[in-house]
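One structure below.
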Amino acid sequence: MSFRARHLLGIEHLAPDEIRAVLDLADRYVDLNRRTIKSSDALAGMTQINMFFENSTRTQASFELAGKRLGADVMNMSVAQSSVKKGETLIDTALTLNAMHPDLLVVRHPSSGAVNLLASKVNCAVLNAGDGKHEHPTQALLDALTIRRAKGRIQRLTVAICGDIAHSRVARSNLILLGKMENRIRLIGPPTLMPSGVAEFGCEVFDDMREGLRGADVVMMLRLQKERMDGGFIPSEREYYHRYGLDADKLAFASPEAIVMHPGPMNRGVEIDGEIADDINRSVIQDQVEMGVAVRMACMDLLARNLRSERGAKATGVMV
Amino acid sequence: MTLHFTNARLIDPEAGTDEIGSLTVSGGVITARDGAAPAGARIVDCGGKCLAPGIVDLGVKIGEPGERHRESFKSAGLAAAAGGVTTIIARPDTTPAIDTPEVLEFVTRRAAEASPVRIRHMAALTKGRQGHEMTEIGFLLDAGAVAFTDADAVSTDTKALGRAFTYARSLGALVIGHPQEPGLSKGAAVTSGKFASLRGLPGVHPIAERMGFDRDMALVELSGVAYHADQVTSARTLPALARAKANRLDVTAGISIHHLTLNEIDVGDYRTFFKLTPPLRSEEDRLAMVDAVAEGVIDVICSMHTPADEESKRLPFEEAASGAVALETFLPAAMRLYHAEALSLPQLWRAMSLNPARRLGLPQGRLALGAPADLVLFDPDAPFVLDRFRLRSKSKNTPFDGQRMEGKVLATYVGGTPVFEAGE
């Protein structure tokens, strides 16, 4: 088996063949998810804990559904409003949960690197569901699957990532993954929303969106956080929409077959025009949500296989 | 006690020499160089190993008062002795800050009781290190303060700071600044750039150091105060530093041994023991700073010893405490620069011993006749693997844990009395 990782902390640690292994398996879970009977026993008897130190509806629901379809016992802990407020440290919270013998721990945390720290203290498989401004690996994998299904390949494409690159873990994971798969990456956004050292990323950087979109095969929009909108990073919402919002006029510069992506939740009229988001010929935004469940099922399945072989238990064959 | 060191590789930073010879000490001072052994003297055969002035470490944090669980005068003194540091220049960023003569007298007394090596204290420049009202600089000088600093608390009250500089100037007091523009560095955990961005950590551009330095230089120009920058760590600051010196401002600058031997990439997967203030820089910056030490643009290398307990480091990187212990690893880390042929031993000892002593008006740092017999005997080549749990510091937050190092202290003497002997 080509997927060797013990945890899924970031795309950075995955090799291209591991990425392909996830996508291949996820393709099969897409088929499963489209049936009426969607259950598998890949995680039967295993316990999955979703630990979200940061509010999330979509990602948490996606992980929960993925675990349940694989037959795991899934527990959600909204840590944002529990023991952390009582002064417990991250490591103590992790050790407490670890004592309950979970097999898969899905973690989202507002601090970059917090999930890595936690993974070093527990003996189950840890999935990073987003840590600070660092990585959001399952988002990049579901984006890759969406692209591969829409374009027939996930290499030698020109991918434009637009918006708040500086504060986006989605952008980080995506540009690492797309770079590993040998795509041409363009970063588009105002210089105030570009990360430091961006010139050394091996990407083309544009502050003119039309220039950046020229001939792109994939247009990946990023969400602009509300707290960045008021004067600190950009002058105003309306000036941002004028210069960096994806509308039909700007999209016309991209390849005629270009697909439009957005990790959600969208700010219609801020970073993307509502009509484009809903255009079934261009937008794959709803596909991304569907691929999200399948990719998370594939990741948890692969991690569980490694966990079982590490623990020496007889691996139950998993057929989809 | 009279000691006669024979067959020693004498490292003389003042003369810039590194040669085999002998040294005689008596009554706490150096009494002869390359002379015959006096009758009754204890002979120490150095076996060709290095004998140098003890390190004068400008800027050591000790947890007294307030944080004795991190480091006490005793533990710091033992660590220093084992590391060849014979004079600790302690920082006032304690809890409470050392900002009154009463607190200074307390720590001076505690240090004298508990530490085998010399400890001299710096006092806060402003009350509570808040940056607004100057401390009793005169009384504090009388009570033995060797310099005045708010450590890494940078005042944005430029008017108040200018007054403190002017007042300090009238008393001939040395002011130590932390060049940093706090508006830019607020919240930063690492140096900005590709590494910071890929790790998703908040970064500060090195230009923040230059801006802070430029602001301080303007105040030095106005006030005429003697000023030492605690850490200049970026090539961006070097032209401004060289210019200040060329303009005959009374300015010197230091750097921590970590910034000369490590770079930002060492942080790796969020290793909090590598979180420092200012943050580790790029490799280009590191190399530029090593050159600056070699050329004498940077005068002082210090350990910036900053003990932090395990709990304060076992946190996500952004939330973790900043700083590293270094009293015991200072010398072996410096040997990396020697073995890389970046700096000679006399060059190193000029920056680690002679220059800081001179800047503070202390007689240490020399092998001259009549100089205090504060000495370190060390083997620059002896290899070992550092185990942080064997450090004498109460806190074990060293970035060198598990690393191969070279350079072992064999013995340390303060005023001609051995305070550390290897194998004891």
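Throughout, a chain's letter reflects where its sequence line sits, starting with A, and its residues are numbered from 1. Both backbone and side-chain heavy atoms feed into the values below; hydrogens, waters and symmetry mates do not.
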Practice task
Check the pair Glu271(A), Arg223(A) against salt bridge (charged side-chain N to carboxylate O under 4.0 Å, His left out), reporting the backbone distance first and the verdict last.
Solution key: CA-CA 7 Å; Glu271(A) 70 253 355; Arg223(A) 175 179 165 76; 5.3 Å; no
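- Neither side chain, Asp131(A) nor His109(A), offers a donor N or O lying under 3.5 Å from an acceptor on the other.
- For an aromatic pair to be called close, the ring centres must be under 6.0 Å apart, and His258(B) with Phe274(B) fails this.
- Contacts between Arg172(A) and chain B at a heavy-atom distance below 4.5 Å involve the side chain alone, from C-beta outward.
- Each of Leu175(A), Val115(A), Ile91(A), Ile176(A) has some count of heavy-atom pairs under 4.5 Å with chain B, and the biggest count is that of Ile91(A).
- The contact between Glu12(A) and chain B is made entirely by side chain atoms (from C-beta outward), counting heavy-atom distances below 4.5 Å.
- In terms of heavy-atom pairs under 4.5 Å with chain B, the best-connected choice from Ser168(A), Gly197(A), Pro195(A), Ala166(A) is Gly197(A).
- Within a 6.0 Å sphere centred on CD of Glu182(A), other residues, nucleotides and ligands contribute 12 heavy atoms or fewer.
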